[in-house]
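Heavy atoms only: backbone and side chains are in, while hydrogens, waters and symmetry mates are out. On a predicted model such as this, the values are computed, not experimentally measured, just so you know. Every chain is numbered from 1 and lettered A, B, ... according to where its sequence line falls, protein lines coming before strand lines.
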2 protein chains.
Amino acid sequence: MSPDDHHRIETIALLEGTPPHVGRLLAEAAEIRALAAGELAFVAGQRPQFLHLILSGRLALIGEGAGAETMVEAFGEGEALLTPAVVLDRLYLLSARAMIDSRLAAIPAESFRALLDREPALARAVVTQLARHWRVLIRQIKDLKLRAGAQRLASYLLAQDRDRSGRIYLLMERRLLARRLGMTPEHLSRAFAQLRPFGVAAVGRAVTISDESGLRRFCDYDAVT
Amino acid sequence: MSPDDHHRIETIALLEGTPPHVGRLLAEAAEIRALAAGELAFVAGQRPQFLHLILSGRLALIGEGAGAETMVEAFGEGEALLTPAVVLDRLYLLSARAMIDSRLAAIPAESFRALLDREPALARAVVTQLARHWRVLIRQIKDLKLRAGAQRLASYLLAQDRDRSGRIYLLMERRLLARRLGMTPEHLSRAFAQLRPFGVAAVGRAVTISDESGLRRFCDYDAVT
DNA sequence: GCTCTCGTTTAACAAATATCAAACGCGCAA
DNA sequence: TTGCGCGTTTGATATTTGTTAAACGAGAGC
């Protein structure tokens with residue numbers, strides 16, 4: 001492992017507020033895994049072997065069932081795949097697939113849980129992290145139950161980061177975005193068409209919104225973070 | 001507060017594994033709130049004032065948006081409404097409503113967070129609790145995205161506790177169950193009809209299943225806990 | 001620069017779900 | 001008991017979403 005990898009593991013967002021030796025211990029226990037786009041970091045039904053930190057690239061959490069699959073959430077550089085399966089030592093409910101070529105730090109699950117018991121600051125950091133994800137999941141459930149497809153798309157777009165000129169760059173291809181939003185690619189395409197009256201213009205992965213307040217009203221956007 | 005209430009707070013499931021003085025401190029900081037059926041413990045958009053423990057009764061977490069409302073999850077006696085809003089000191093994303101007359105222990109959010117920072121065992125217990133809920137939410141998201149209404153109902157029924165004779169007793173009226181499952185009451189009624197070929201018989205709130213393995217196949221039931 | 005492939009869009013149609021309306025039935029109070 | 005109120009069921013219809021198929025278009029490799 002390169003000193004650079006070591007440093008990236010020690011300074012990952014999850015560990016914010018923990019004493020330096022926690023990061024050092026985790027980095028020492030970690031091994032580096034390179035995944036090509038499409039490869040799986042873990043599979044639903046498996047027993048977790050590692051806690052994965054994303055050093056570079058992007059991974060999607062995938063749910064399978066009833067002969068289909070869906071994307072629950074995607075994570076990028078500097079984030080941890082901190083799934084409850086690892087924390088609780090239960091079987092994975094989701095699989096993780098690399099959306100692009102990625103490099104992961106894999107920390108043995110057993111070491112991580114041992115450290116979790118021993119290091120109060122780590123437990124406290126994990127509480128914060130899990131609580132944040134909880135809110136992301138709650139938003140998704142509210143969206144799925146209360147909003148139609150086009151409204152979910154609008155809501156998703158409004159929550160994305162913009163560049164200086166207000167443009168949004170979609171982090172995934174539309175097929176995947178459709179699965180993230182709980183609809184088919186065909187339906188997503190129609191949803192984009194429905195948003196055109198609000199000045200939503202999509203060119204490739206770049207999206208611009210001209211009537212943002214109209215779009216907010218359309219989807220009853222909830223800006224609470 | 002009665003000694004009995006005191007004892008119930010100290011022995012709540014959330015605190016399993018924490019030293020006795022943690023429960024004692026929480027119980028001393030708590031005040032008792034009685035809610036009549038239909039009353040709200042907190043409202044989405046509010047800043048959390050308390051962590052609520054359910055001493056008796058049953059509460060539903062309700063999401064509002066786009067002019068409608070939905071039930072995300074329900075909690076009963078001995079459980080805590082351990083929402084991320086309280087942990088992170090953010091605005092509530094959900095409201096909590098008493099489904100029946102209930103008694104709550106309300107612990108000032110500030111005291112709870114302070115104790116969370118000070119007591120490693122509490123942080124560790126909260127990690128476990130949040131992780132468990134995470135899995136409940138993931139199941140719901142997978143259900144909503146991958147399964148049709150009747151399959152979600154089947155899946156829900158198969159996950160419920162049975163009495164000695166194998167009967168299931170529904171914990172809520174059907175109107176609410178419909179919202180929990182992400183459908184209308186009318187659709188739920190038709191979903192029950194769709195399950196009749198598998199020997200699903202509902203009389204009031206009592207439900208029996210005669211062809212359980214058939215039902216499992218029908219909804220592609222995932223028994224992973 | 002040119003295909004070739006594969007993701008996206010469009011269209012027609014089918015299935016699932018919601019809506020509206022009315023009938024039903026069960027519990028509760030007079 | 002009898003009648004009332006409210007939750008549930010049933011039916012007809014509308015809307016939303018998924019499916020199938022085909023056309024389109026942009027990017028990768030030759």
Side-chain angles (χ1 to χ4, degrees), chain A residues 36-38 60 65-71 97 99-101 141 143-157 169-196 200-207 218-220, chain B residues 37-38 60 65-71 97 99-101 141 143-157 169-197 200-207 218-220:
Chain A
E69 75 169 48
T70 188
M71 179 198 297
R97 179 182 298 150
M99 295 162 69
I100 54 178
D101 294 353
I141 290 176
D143 265 13
L144 289 167
K145 285 180 167 178
L146 295 171
R147 291 202 248 252
Q151 292 173 308
R152 294 204 294 277
L153 172 59
S155 187
Y156 176 88
L157 291 175
Y169 279 96
L170 298 177
L171 294 169
M172 58 192 92
E173 52 187 45
R174 301 195 176 200
R175 204 170 33 148
L176 274 176
L177 177 57
R179 296 306 174 190
R180 160 65 181 77
L181 294 174
M183 62 183 92
T184 58
E186 294 90 336
H187 195 76
L188 173 62
S189 190
R190 282 182 283 212
F192 266 111
Q194 262 188 275
L195 300 188
R196 271 201 283 269
V200 174
V203 182
R205 288 200 182 180
V207 179
F218 170 71
C219 68
D220 190 27
Chain B
E69 74 169 49
T70 188
M71 179 196 298
R97 179 182 298 149
M99 296 163 67
I100 54 179
D101 293 353
I141 289 176
D143 265 12
L144 289 167
K145 286 181 166 177
L146 294 171
R147 291 202 249 251
Q151 293 173 307
R152 291 204 294 278
L153 171 58
S155 187
Y156 176 88
L157 291 175
Y169 198 77
L170 297 177
L171 295 169
M172 57 192 93
E173 53 187 45
R174 299 194 177 201
R175 203 170 35 149
L176 274 176
L177 177 57
R179 296 307 174 190
R180 161 66 182 76
L181 294 175
M183 62 184 95
T184 58
E186 293 93 331
H187 196 77
L188 174 63
S189 187
R190 284 183 257 258
F192 266 111
Q194 262 187 275
L195 300 187
R196 270 202 283 270
V200 173
V203 182
R205 289 200 181 181
V207 179
F218 169 71
C219 68
D220 191 24

For residues 170-183 of chain A, run the donor-acceptor check on the side chains, cut-off 3.5 Å, and write out each pair with its distance to 0.1 Å, sequence neighbours left out.
unit_1   : atom_1 : unit_2   : atom_2 : d
A/Glu173 : OE2    : A/Arg175 : NE     : 3.2
A/Glu173 : OE2    : A/Arg175 : NH2    : 2.6
A/Arg174 : NH2    : A/Gly204 : O      : 2.7

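- Summarising the geometry, atom CG belonging to A/Leu195 is positioned 5.0 Å from atom CG belonging to A/Leu153; distances are rounded to the nearest 0.5 Å.
- Of the residues in residues 172-186 of chain A, those lying under 4.0 Å from DNA chain C by heavy-atom distance are A/Glu173, A/Arg174, A/Arg175, A/Glu186.
- The nucleotide range of DNA chain D contacted by chain A, defined by atoms under 4.0 angstrom from heavy atoms of the protein and reported 5' to 3', is D/dT17 to D/dT20.
- The salt bridge (charged side-chain N to carboxylate O under 4.0 Å, His left out) contacts involving residues 145-154 of chain B comprise B/Asp143-B/Arg147, where partners must be two or more places apart or lie in separate chains.
- Residues satisfying the side-chain contact (heavy atoms from CB on, under 4.5 Å) test with A/Ala37, not counting sequence neighbours, are A/Asp101.
- Looking at residues two or more places apart in sequence or on another chain, you find no side-chain contact (heavy atoms from CB on, under 4.5 Å) involving A/Ser189.
- Of all non-hydrogen atoms in B/Cys219 and B/Ala154, the two that sit nearest each other are CB-CB, 3.8 Å.
- Judged as a ring pair (Phe, Tyr, Trp, His ring centres under 6.0 Å), and not counting sequence neighbours, B/Tyr156 has no contacts.
- Residue contacts for A/Gly149: at a heavy-atom cut-off of 4.0 Å it reaches the sugar-phosphate backbone alone, with no base atom in range.
- Closest approach of A/Gly149 to A/His187, counting heavy atoms only: CA-NE2, 4.3 Å.
- For A/Phe192, the ring pair (Phe, Tyr, Trp, His ring centres under 6.0 Å) criterion is met by no residue, not counting sequence neighbours.
- Closest heavy-atom contact between A/Arg97 and A/Gly38: CG-O, 3.5 Å.
- Where the helix from C/dG1-D/dC30 to C/dA30-D/dT1 starts and where it ends, the local axes point in directions that differ by 40°; five pairs per end, rounded to 10°.
- Sequence neighbours left out, not one pair with a member in residues 181-194 of chain A passes salt bridge (charged side-chain N to carboxylate O under 4.0 Å, His left out).
- Of all nucleotides in DNA chain C having an atom under 4.0 Å from a heavy atom of chain A, the first and last in 5' to 3' order are C/dG7 to C/dA12.
- Residues passing the side-chain contact (heavy atoms from CB on, under 4.5 Å) test with B/Tyr169, sequence neighbours excluded: B/Arg205.
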